[in-house]
Protein chains: 2
Amino acid sequence: MTEQKKSDQTRQKILTAGRALISKHGFGAVGLARILKESGVPKGSFYYYFPSKEAFGHALLTDYVSDYLARIDALCAGPGSARDKLTAFWTAWLAQAGSEGIASQCLVVKLGAEVADLSEDMRCVLDDGVAKLVDKIAALLVQGAKDGSLIPVDDPQATAQMLYAKWLGAAILSKLSRDETPLRRALSETNSTLSTS
Amino acid sequence: MTEQKKSDQTRQKILTAGRALISKHGFGAVGLARILKESGVPKGSFYYYFPSKEAFGHALLTDYVSDYLARIDALCAGPGSARDKLTAFWTAWLAQAGSEGIASQCLVVKLGAEVADLSEDMRCVLDDGVAKLVDKIAALLVQGAKDGSLIPVDDPQATAQMLYAKWLGAAILSKLSRDETPLRRALSETNSTLSTS
DNA sequence: GGAACTAATAGACCAGTCGTCTAGTATTGA
DNA sequence: TCAATACTAGACGACTGGTCTATTAGTTCC
């Protein structure tokens with residue numbers, strides 16, 4: 001009662017190890033054996049928690065998306081202008097790039113193209129997560145127009161989607177070139193396009 | 001003499017079938033057996049033409065990049081303003097989307113994230129191709145500023161890279177959502193940002 | 001014709017894949 | 001206490017992956 005059921009802990013361990021491995025190598029490229037070895041869970045247990053590898057991938061993405069959106073919500077709920085929040089959000093992409101592999105955290109970057117042709121279920125989870133994220137960005141744009149920190153835009157939804165597209169593309173270009181320049185340019189372009197003053 | 005050596009024809013057949021399969025499913029997800037079967041080449045022959053699957057991937061990308069750049073060169077050498085050429089280039093992304101899988105042709109879209117963490121050789125080929133493509137886009141921006149069809153920009157190289165990033169991201173979003181809207185928005189945003197008049 | 005050489009192929013090989021199955025241990029509730 | 005459930009354990013099967021060796025088919029030259 002005081003703690004999570006042990007069952008959930010084990011399940012979470014698999015999910016966590018899986019996320020690390022898969023965000024680095026891709027979904028298809030990582031075998032169950034590797035994930036299980038990494039998380040110290042025997043093979044037999046895997047199929048107790050997940051009916052298939054695809055179902056596992058589905059759970060992994062669901063988990064990831066909900067984590068991600070929760071973090072954005074926390075950011076939005078905090079103090080500061082809409083502009084500050086947006087900047088903080090984008091800057092995090094660069095920060096991740098610095099620490100380990102460039103844009104290595106973001107599963108949309110790593111799995112977007114793979115999952116789209118692999119599993120309808122997984123595709124929908126990721127697509128849904130992106131849609132919600134774009135909504136939140138659009139909301140920030142609206143808020144920024146009100147508090148005067150951002151330039152008003154005609155169609156916040158469209159602008160938010162194109163903003164996200166630019167960052168997604170820039171992340172892939174940075175991965176490909178092993179160079180943060182695309183991400184840095186995205187940041188400066190984003191600022192100069194949207195910021196007042 | 002009159003014709004290519006048969007050896008080269010066979011090699012090309014493998015490359016062609018490989019490109020179709022891999023641009024749809026990804027590099028790792030497609031086995032040699034499938035490619036060979038598709039191209040009607042016996043399995044035992046593969047290692048006569050390529051020393052390894054990775055070397056094959058390298059050749060595949062080299063082939064693809066050179067095809068792609070040649071097409072751009074042909075477009076640039078043709079008639080019309082820089083603006084027309086750029087528009088024709090981007091519109092092709094949408095046209096591909098319409099016919100079969102969205103943005104299914106572009107190997108940068110499909111393989112960018114996969115290859116970046118898979119093979120240094122393949123990564124370099126793709127990265128090099130993208131760099132050259134961005135150069136050509138930048139050259140069009142410069143030309144457009146001169147012929148008056150496009151708004152002059154401060155840093156054509158940076159603008160071209162961000163332009164490509166936006167389209168790359170939009171293509172992935174379109175793949176993910178099975179909806180051309182992101183690509184269409186990219187087109188209208190590109191036009192309204194760059195076009196004079 | 002027959003030797004010498006290259007071009008091309010067949011099929012074996014083993015590591016690795018996902019998923020199943022049977023057996024076993026802990027934990028719970030009555 | 002005892003039985004039922006929750007969970008662990010890993011061997012096993014059927015199959016696919018890329019790779020390589022041994023062999024055949026084809027050409028060239030004397």
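What's counted below: heavy atoms across the whole structure, side chains too, no hydrogens, waters or symmetry copies. Owing to the predicted nature of the structure, the values given are computational and were not obtained by experimental measurement. Quick note on labels: first sequence line is chain A, next is B, and so on, each numbered from 1.
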Problem set entry | Residues within residues 35-48 of chain B bordering DNA chain D, heavy-atom distance below 4.0 Å |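 Per residue number, the list reads B:K43, B:Y47.
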Between [atom2] of [N] and [atom1] of [X], the distance in whole Å:
X     : N      : atom1 : atom2 : result
A:R34 : C:dG19 : CZ    : C1'   : 20 Å
B:K53 : C:dA15 : NZ    : P     : 20 Å
A:R11 : D:dA6  : CZ    : P     : 15 Å
B:E54 : D:dG18 : CD    : C1'   : 13 Å
A:Q12 : D:dC7  : CD    : C1'   : 17 Å
B:I14 : C:dA7  : CD1   : C1'   : 14 Å
A:K13 : D:dT8  : NZ    : P     : 8 Å
B:F56 : D:dG17 : CZ    : P     : 14 Å

For this session: Please test B:S119 against B:D121 for side-chain hydrogen bond (donor to acceptor under 3.5 Å, both in side chains), starting from the C-alpha separation and ending with a verdict.
Result: CA-CA 5 Å; B:S119 150; B:D121 274 0; 5.5 Å; no
Exercise. If every non-hydrogen atom of A:V125 is compared with every non-hydrogen atom of A:T62, which pair is closest and at what distance?
Worked result: CG1-N, 3.6 Å
Exercise. Which pair of heavy atoms, one from B:A160 and one from B:L141, lies closest together, and at what distance?
Worked result: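 For B:A160 versus B:L141, the nearest heavy atoms are N-CD1, 3.9 Å.
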If hydrophobic clusters are built from ILVMFWY residues whose side chains come within less than 4.5 Å, do [X] and [Y] share one?
X      : Y      : answer
B:L187 : B:L140 : yes
A:F89  : A:L163 : yes
B:M162 : A:L183 : no

Problem set entry | Selected nucleotide, minimal atom distance to B:Y49 side chain, candidates C:dG19, C:dT9, D:dG18 | C:dT9
Exercise. Any Lys/Arg nitrogen of A:D147 or A:R83 sitting under 4.0 Å from an Asp/Glu carboxylate oxygen of the other?
Worked result: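 No, A:D147 and A:R83 are not salt-bridged.
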Exercise. Is there side-chain contact between B:S66 and B:L69, with at least one heavy-atom pair below 4.5 Å?
Worked result: no
Exercise. Is A:S52 near enough to C:dC18 that one of its side-chain N or O atoms lies under 4.0 angstrom from OP1 or OP2?
Worked result: no
For this session: Return yes if some donor-acceptor pair links the side-chain N/O of A:K175 with the main-chain N/O of B:A113 below 3.5 Å, else return no.
Result: no
Problem set entry | Axis deviation across the helix from C:dG1-D:dC30 to C:dA30-D:dT1, five-pair ends, to the nearest 10° | 10°
